[in-house]
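Reviewing the structure listed below.
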Amino acid sequence: MFGFFTTIDKERAKNLSPVTLAFLGDAVYSLYVREKLVLSADLKAGQLQNLTSKQVSAHGQSELLERLIPLFTEEESDVYRRGRNAKKPTKSKNASVAEYNRSTGFEAVIGYLYLTGQYERIEKLLDGRDEN
């Protein structure tokens with residue numbers, strides 16, 4: 001059965017395609033950024049969209065990774081590498097290949113953590129409160 005916040009075990013999540021994990025991770029990260037912006041500032045929808053686009057872009061995610069990669073657990077690092085190295089069906093229009101690959105790895109980690117119910121871990125990583 002499906003419902004919001006449905007979780008799966010880690011083994012099943014690891015067996016999913018890293019591109020599939022990235023697909024979900026992109027949506028989770030986008031929602032995180034949008035919610036954070038809406039709750040932190042009284043801005044118009046267009047302004048919110050511009051700010052969201054900067055953070056959710058491959059370039060923005062690649063920059064965020066500079067801070068996050070050292071904080072990843074071994075398990076997260078494995079998921080990241082699989083996502084980064086995965087063959088993708090599309091190419092980025094506005095980012096370098098390296099940025100696009102790194103952002104796919106990042107999104108795969110977020111998707112993996114989300115599917116396995118590790119919501120606090122997502123929040124700690126994205127808020128900079130890592131407690132490996």
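Fair warning: this is a prediction, and the values are worked out from it, not measured in the lab.
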Worksheet item: Stepwise, does the side-chain contact (heavy atoms from CB on, under 4.5 Å) test hold for E107 with F23?
Response: CA-CA 7 Å; E107 291 168 346; F23 171 77; over 6 Å; no
Worksheet item: What about the rings of Y119 and Y114, do their centers lie closer together than 6.0 Å?
Response: yes
Worksheet item: Closest heavy-atom contact between A86 and P18?
Response: CB-CG, 3.7 Å
Practice prompt. Locate the shortest heavy-atom distance separating S30 from T52; write the atom from each residue and the value.
Written response: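 The answer is OG-CG2, 4.5 Å.
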Discussion item. Quick one, L51 with V33, criterion side-chain contact (heavy atoms from CB on, under 4.5 Å). Give me CA distance, side-chain angles, the key distance, then yes/no.
Written reply: CA-CA 9 Å; L51 291 170; V33 169; over 6 Å; no
Fill in: Donor on one side chain, acceptor on other, E75 and Y112, under 3.5 Å
yes
Practice prompt. Say whether N85 and Y80, considering side chains only, have a donor N or O and an acceptor N or O under 3.5 Å apart.
Written response: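 Result is no, nothing qualifies.
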Worksheet item: What residues, two or more places apart in sequence or in another chain, satisfy salt bridge (Lys or Arg N to Asp or Glu O under 4.0 Å) together with D78?
Response: R81
Give every donor-acceptor pair under 3.5 Å between a side-chain atom in residues 37-49 and any protein atom, sequence neighbours left out.
residue, atom, partner, partner atom, Å
S40, OG, K36, O, 2.9
S40, OG, L37, O, 3.3
Q47, OE1, K44, N, 2.9
Q49, NE2, S53, OG, 3.2

Quick one, [X] and [Y] - any side-chain contact, counting heavy atoms below 4.5 Å?
X    : Y    : answer
Y29  : Q55  : yes
D9   : T116 : no
I110 : F106 : yes
R67  : L64  : yes

Worksheet item: Linking I/L/V/M/F/W/Y whenever any side-chain heavy atoms sit under 4.5 Å apart, do F72 and L126 land together?
Response: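 Per the 4.5 Å side-chain linkage, F72 and L126 are co-clustered.
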Worksheet entry | Joint cluster assignment, Y100 & I69, ILVMFWY side-chain distance < 4.5 Å | no
Practice prompt. For L125 and L113, run side-chain contact (heavy atoms from CB on, under 4.5 Å): C-alpha distance rounded to whole Å, both residues' side-chain angles, the deciding distance at 0.1 Å, then the answer.
Written response: CA-CA 11 Å; L125 282 171; L113 292 172; 3.9 Å; yes
Is the backbone N or O of [Y] less than 3.5 Å from a side-chain atom of [X], with the two atoms forming a donor-acceptor pair by type?
X   : Y   : value
R82 : S77 : no
E76 : T73 : yes
Q61 : V56 : yes

Response to the item:
Across all chains, not counting sequence neighbours, the side-chain hydrogen bond (donor to acceptor under 3.5 Å, both in side chains) partners of E66 are R102
Practice prompt. Start with the C-alpha distance between L115 and L21, add both sets of side-chain angles, then the distance that settles side-chain contact (heavy atoms from CB on, under 4.5 Å), and finish with yes or no.
Written response: CA-CA 8 Å; L115 278 179; L21 291 174; 3.8 Å; yes
